[in-house]
Amino acid sequence: MKRIVALLATCATAVGLTALLGPQPAAAAAGCKVDYTVTSQWQGGFQAGVKITNLGDPVTGWTLKFTLPDSGQKLVQGWNATWSQSGSTVSAAGIDWNRTLATGASTDLGFVGSFTGSNPKPSAFTLNGVACTGSVEDPGTDPNPGTGTPVAVNGQLHVCGVNLCNQYNRPIQLRGMSTHGIQWFSKCYNSASLDALAKDWKSDLLRIAMYVQEDGYETDPAGFTSRVNSLVDMAEARGMYALIDFHTLTPGDPNYNLDRAKTFFASVAARNAAKKNVVYEIANEPNGVSWTAIKNYAEQVIPVIRAADPDAVIIVGTRGWSSLGVSDGSSETEVVNNPVNATNIMYAFHFYAASHKDNYRATVSRAASKLPLFVTEFGTVSATGGGTMDRSSTTAWLDLLDQLKISYANWTYSDANESSAALKPGTCDGTDYSSSGVLTESGALIKSRISTADSFPTS
Ligand code: IDC
């Protein structure tokens with residue numbers, strides 16, 4: 001379906017200038033490649049992804065420029081860079097977390113544009129003034145995530161009974177990774193790292209942890225909304241599901257963020273309604289708050305999502321840091337006896353293997369026959385996110401989740417300097433996300449579990 005006209009570009013250095021001026025200090029090698037892809041198009045508008053690959057020496061600080069075709073195209077809004085338009089020239093300048101591009105490193109930008117008449121591709125891509133020519137996709141084609149990917153096989157998900165079910169109405173288990181806070185670790189989520197996650201890890205899903213506090217969403221709602229949308233697209237392009245995690249943590253009462261949640265989910269649900277790969281997680285870890293208050297929050301946020309995206313699965317956090325109440329001395333019965341008044345929803349359960357053991361596993365075993373559960377976050381370590389990995393408890397947990405077909409996402413696909421991270425510190429400054437040398441002890445264990453064959457039912 002997808003017709004790619006590949007025009008790989010390398011860029012020449014300024015030979016003529018050297019001849020004029022005599023010997024110069026060794027010039028930095030320059031070179032760049034741009035992949036421009038129209039990811040969707042509608043009447044008068046389109047969305048495009050722009051992947052920049054630096055083929056020259058490392059750069060710190062860059063500006064991409066390109067020329068819009070002479071057909072009334074205009075930049076409406078862009079993300080992952082500072083965007084502007086002057087005449088027909090569009091500029092996108094790197095921002096704090098992607099301004100450094102190592103040799104071979106890529107970064108993904110995107111923008112929404114408007115057009116009248118036809119919608120030909122932009123031209124004359126340059127990076128820091130050096131010409132790049134990209135591999136260009138014909139506009140208007142459908143982004144085909146490819147056959148055999150988790151999304152291609154399973155399609156739109158829904159809840160059936162206590163299970164997560166695929167388009168054939170058959171229970172499935174999704175196994176994947178959570179980002180770290182995207183306000184801190186954006187540099188870890190790029191083309192190379194997500195390629196590795198989809199292809200080497202065979203991850204079925206990417207959980208996008210958008211903190212609300214701690215320098216997160218509340219500081220820049222539009223910016224974080226764009227960044228989440230861009231990660232949804234990057235997951236979709238690789239056939240992975242995307243869990244949009246409204247990562248509330250402190251304060252623990254989700255009602256503190258009720259207005260923000262309504263604004264955020266109205267926007268992402270409208271924008272992503274047509275996609276099959278989106279699942280909404282409305283409150284990461286309620287804590288210090290009753291189940292009644294959480295339920296009340298859920299019953300206000302869920303209708304906002306449903307109004308825009310009626311068929312998506314929605315996951316509700318539970319009391320005591322999404323422990324089904326256990327960490328607060330309660331149990332799953334408070335949910336069983338007083339469920340959220342909505343359909344097509346699941347309940348979140350979180351655990352950290354070194355801290356949460358037999359009594360938590362017993363809770364999940366009991367609850368799994370009564371409530372649709374999704375382990376949207378777990379760690380192999382202690383609840384601090386650090387400490388020693390507990391291999392035997394992690395294995396017991398994952399065996400249980402496999403047996404019950406409960407989907408999960410591991411905290412974290414990042415190079416954070418803490419033992420829960422799957423990648424060694426410094427990994428995200430480089431370009432290698434595939435070799436075993438970049439994995440921590442936790443990363444190696446989790447990759448070995450996630451990368452086994454899925455065998456999703458197809459009839
Ligand atoms: C932790 C991070 C850590 C960060 C801290 C504060 O690993 O780097 O400093 O948050 O925001 C959770 C939370 C999750 C925590 C994680 C580990 O959902 O945000 O991440 N954890 O403490 N619940 C239980 C454990």
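Note that ligands are numbered from 1 as they come in the structure, with each ligand's atoms numbered from 1 the same way. Here the structure is a predicted model, which means the values were calculated and not measured.
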Subject >> Mutual orientation of the aromatic rings belonging to Tyr217 and Phe264 [parallel < 30°, tilted 30-60°, perpendicular > 60°] >> reply: perpendicular

Subject >> atom 12 (C) of ligand 1 [closest protein heavy-atom partner, distance rounded to 0.1 Å] >> reply: Glu377 OE2, 3.0 Å

Original post:
When you measure from atom 1 (C) of ligand 1 to each heavy atom in Tyr211, Tyr352, Phe351, Phe378, which option holds the nearest one?
Top reply: Tyr211

Original post:
Is the cationic atom of Arg99 (NZ for Lys, CZ for Arg) positioned less than 6.0 Å from the six-membered ring centroid of Trp62 and within 45 degrees of its normal?
Top reply: no

Original post:
Considering only heavy atoms of Trp184, which atoms of ligand 1 have at least one such atom less than 4.0 Å away?
Top reply: 11 (O)

Original post:
Under 3.5 Å, side chain of Asn54 to main-chain N/O of Leu101, donor-acceptor pair present?
Top reply: yes

Subject >> Distance (rounded to the nearest 0.5 Å) between Ser414 OG and Ile182 CD1 >> reply: 13.0 Å

**OP:** Answer yes if a protein heavy atom lies under 4.0 Å from atom 9 (O) of ligand 1, otherwise answer no.
**Re:** no

**OP:** Check step by step if side-chain hydrogen bond (donor to acceptor under 3.5 Å, both in side chains) holds for Asn255 and Gln300.
**Re:** CA-CA 10 Å; Asn255 292 290; Gln300 295 184 70; 4.6 Å; no

Subject >> atom 3 (C) of ligand 1 [closest protein heavy-atom partner, distance rounded to 0.1 Å] >> reply: Glu418 OE1, 3.5 Å

Original post:
Looking only at protein heavy atoms, which one is nearest to atom 22 (O) of ligand 1, and how far off is it?
Top reply: Ala383 O, 2.8 Å

**OP:** Could you walk me through whether Tyr352 and Trp411 pass the ring pair (Phe, Tyr, Trp, His ring centres under 6.0 Å) test, one step at a time?
**Re:** CA-CA 9 Å; Tyr352 279 73; Trp411 185 264; 7.7 Å; no

Subject >> Atoms of ligand 1, numbered as shown, that sit under 4.0 Å from any heavy atom of Thr384 >> reply: 17 (C), 22 (O)

Original post:
Can you tell me which residue and heavy atom of the protein come closest to atom 11 (O) of ligand 1, and the distance to 0.1 Å?
Top reply: Glu214 OE1, 2.8 Å

**OP:** Please report the C-alpha distance between Arg227 and Asp220 in whole Å, then the side-chain angles of each, then the deciding distance to 0.1 Å, and finally whether the salt bridge (charged side-chain N to carboxylate O under 4.0 Å, His left out) criterion is met.
**Re:** CA-CA 11 Å; Arg227 223 181 275 183; Asp220 179 12; 5.8 Å; no

**OP:** For residues Trp83 and Phe111, establish whether the separation of their ring centroids is below 6.0 Å.
**Re:** yes

Original post:
When only distance counts, is Leu249 in polar contact with ligand 1, meaning an N/O pair under 3.5 Å?
Top reply: no

Subject >> Check against ring pair (Phe, Tyr, Trp, His ring centres under 6.0 Å), Trp397 and His356 >> reply: CA-CA 10 Å; Trp397 270 115; His356 309 123; 8.1 Å; no

**OP:** Taking only heavy atoms of His247 into account, list the atoms of ligand 1 that are under 4.0 Å away from them.
**Re:** 13 (C), 14 (C), 18 (O), 19 (O)

Original post:
Based purely on interatomic distance, does His350 place a nitrogen or oxygen under 3.5 Å from a nitrogen or oxygen of ligand 1?
Top reply: no

**OP:** Could you say whether the N/O atoms of His180 and ligand 1 ever approach to under 3.5 Å?
**Re:** yes

Original post:
Quick one: nearest non-hydrogen protein atom to atom 20 (O) of ligand 1, plus distance?
Top reply: Trp411 CZ2, 3.1 Å

Original post:
Using a heavy-atom cut-off of under 4.0 Å, does the side chain or the backbone of Thr412 touch ligand 1, or both, or neither?
Top reply: neither

Original post:
Near Lys276 NZ, under 6.0 Å, is it more than 12 heavy atoms from other residues, nucleotides or ligands?
Top reply: no

**OP:** State the atoms of ligand 1, each with its element, that fall below the 4.0 Å cut-off from a heavy-atom position in Asn284.
**Re:** 18 (O)

